[in-house]
Amino acid sequence: MPLKKAWPALLLAACTAYVVWFWRPLLLQGLVVIDGDAFPYYYPTWAIGKRLLQEGGSLLWDPYRNMGQPFLADPRNQALYPLRLLSLFMGYVDYQRIYVVFHSLLAAAFAALIVRRHCREPEPMLLAALGAAFNGYAYWRILYSSDLAALAWLPAAFFFLMERRPIALALCLSLQWLSGFTPYCLLTFAALAAYASTEGFRALVCLLKGLALMLGLCAVQILPFIELIGELDRPMFLDPGLAFEHSLSWPDLLRQSITPAFLKPWVNQGAPAMSSFYFGPVLGGLFVLGMLRGEGRERRLGALGLLFLLLAAGKNLPGYRLLPFITVFRFPSQWLAPFTLLFALTAAAGLSRLRSRTLRAALVLLAAADLLFYADPRFFNWGDQRYLTAVPDLFKSPNLFDPHYRTFHSKRFIEASRNWWRGSAEDWQLFKAALTPSFGASLGLREAASYYTLPTRRTRAYRLRMAAQPLGSPLYDHAGVRSIITLSEEHVLGSGLIRPEQLRLATNPGAKEHVFGLDGQRVELLEDKPGDLLARVHGPGLVVLSEAHYPGWTARRDGRPVPLELFEGAFPAVRLSEPGSVRFRYRPASALLGALVSLATLIALGIGMKRRQGKT
């Protein structure tokens, strides 16, 4: 077969090999990252979502963390992200393989398509794909599943804005929102708005249409999310000390842009996952060439990229604190998200200005090798499926695992764990052995206090009161806390690693079940599904549901609505004058209204597309 005809197949094989080797621990060895937020938050969230789907299909309420909390309302849970359905048919490792490869190829494909609009040569298209999907910043996103997915939809959104296709743009923005990382959604809109403002009226109209359609399509989650924000134990605008954390220094910005990977000066030792974005000298040099010799549109893209890179300096950039709404999200380093795409596109424009195809191919190979060298598996701790699913000895303790009760980690344990839980592989083994939140929830353990979640004001206040009380306090009983994991007196706080033999498990025999009578009446729990509980009450008095109170909980007595009371400032309750059945159900009006808006948007889209087809 002539080389001219064979090169597409050879190119596909080479690209496949590159993707496999770039993510080799995952794709070749069956390992998943257990570092950063991947193990304590994203894996439990995936496992809980899978369990909720298996238990009845409702993703509205999470009964496993924080004494119960909304699941759909928190975008990071990816409750409506289409790929979540795959979790019903496979384990976490296989799911991660599909998840990571899909999003890497998604970002690469649309970056290449953007370049193809003005240059059909394969070398610039390949360079854009490499720069957008396999740069150092994207590599570190494997620690944060929602970040990885949201970042991958950015090139698609730019492509459809450039094509002036508002419906396709709306679908991309919707999928980016559903993928779970809201700061990237804000940054994507900022980048698209900045680009559209340089393109004229039609681009701005396309963007506004796409945004309006996206808001309608995602209303089923956006409205519950807005409701959640109003219930959170944090202000809308963050303290500058938090908002400006992980601002990049000027030397680090320059070092990671141009220093070769084999010299290894490019990882920020303090917080590499937040501030590492390596591109290297080949892409850096081509970016400069694109800025110098590119056309007007390409230069504008490069200028926008430089603007976002400067914004990543955060507090080190004069005037950054004066920008409006800049404290809505944390970490100025997140401005690197739009920068990575714009940098790759401008570098591809620089490559296209070179006449020699041999030189262009050589530079693409050098850039690919440099990025591949950067992707060092030793950056992270890795574990296999058995590591995730093997049950720790503590979990096998008598009376610990009971679906009707909860577990709580003592204040002493939490204070000690802060010194070790983000460290080495040995630390993660202990993290697992101690059923530290939220890993215990991934096994079906119900937690009274969880990490990495968005606690409401009521939940946090109750947890603080409970932590200040000794075991045996009614606060533990009412929260259904039957087991408390703590430390022996042998461990000295601040002394370093906790040894497994220093873990202690205390039992609270007075713990109440999910639905209990406060006035001594006997309660039979007939149904116990997430967000839907039915009990038969043998006697009058106050009946309490030990799930955190939140807008959307309702109660019915023998099928008739009854008003809710707030017990201990944290739990919904009803007062019965006689025996009967009580059903507690979580059905938030925000989700219902959002679903109606989303459905109406879908219908309007369908009608509009049908009319357009009729005209053509």
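Using modelled atom types, one finds no donor on one side chain facing an acceptor on the other under 3.5 Å when comparing Q96 with W46. In this model, no donor atom of one side chain and acceptor atom of the other lie less than 3.5 Å apart for Y64 and S442. Looking at W153 and S179, their side chains never bring a donor and an acceptor atom within 3.5 Å of each other. Checked by atom type, the side-chain pair R84/N77 shows no donor-acceptor distance below 3.5 Å. In this model, a donor atom of one side chain and an acceptor atom of the other lie less than 3.5 Å apart for T45 and R65. Between the side chains of W553 and E547, no donor N or O sits under 3.5 Å from an acceptor N or O.
Ring-centre distance between Y92 and Y43: below the 6.0 Å cut-off. F39 has its ring centre no less than 6.0 Å from the ring centre of W382.
When M67, E568, M466 are each tested for a side-chain contact (heavy atoms from CB on, under 4.5 Å) with H478, only one passes: E568. With L151 as reference, R141 is the one residue of Q334, Q176, R141 to meet the side-chain contact (heavy atoms from CB on, under 4.5 Å) rule.
Taking CG of D376 as the start and CG of L372 as the end, the distance is 10.5 Å to the nearest 0.5 Å. Rounded to the nearest 0.5 angstrom, E527 CD and R583 CZ are separated by 4.5 Å.
With respect to R585 and D532, a salt bridge is recorded, a charged nitrogen being found less than 4.0 Å from a carboxylate O.
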Report task. Could you give me the CA-CA distance, side-chain angles and deciding distance for F22 and Y139, then say whether ring-ring contact (aromatic ring centres under 6.0 Å, His included) is met? Result -> CA-CA 9 Å; F22 192 88; Y139 184 63; 5.3 Å; yes
Query - ring-ring contact (aromatic ring centres under 6.0 Å, His included) evaluation trace for W61 with F71 - result: CA-CA 5 Å; W61 187 255; F71 192 80; over 10 Å; no
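Residue P224 comes nearest to A73 through the heavy atom pair O-CB, 3.6 Å, listed as atom of the first residue, atom of the second, then distance.
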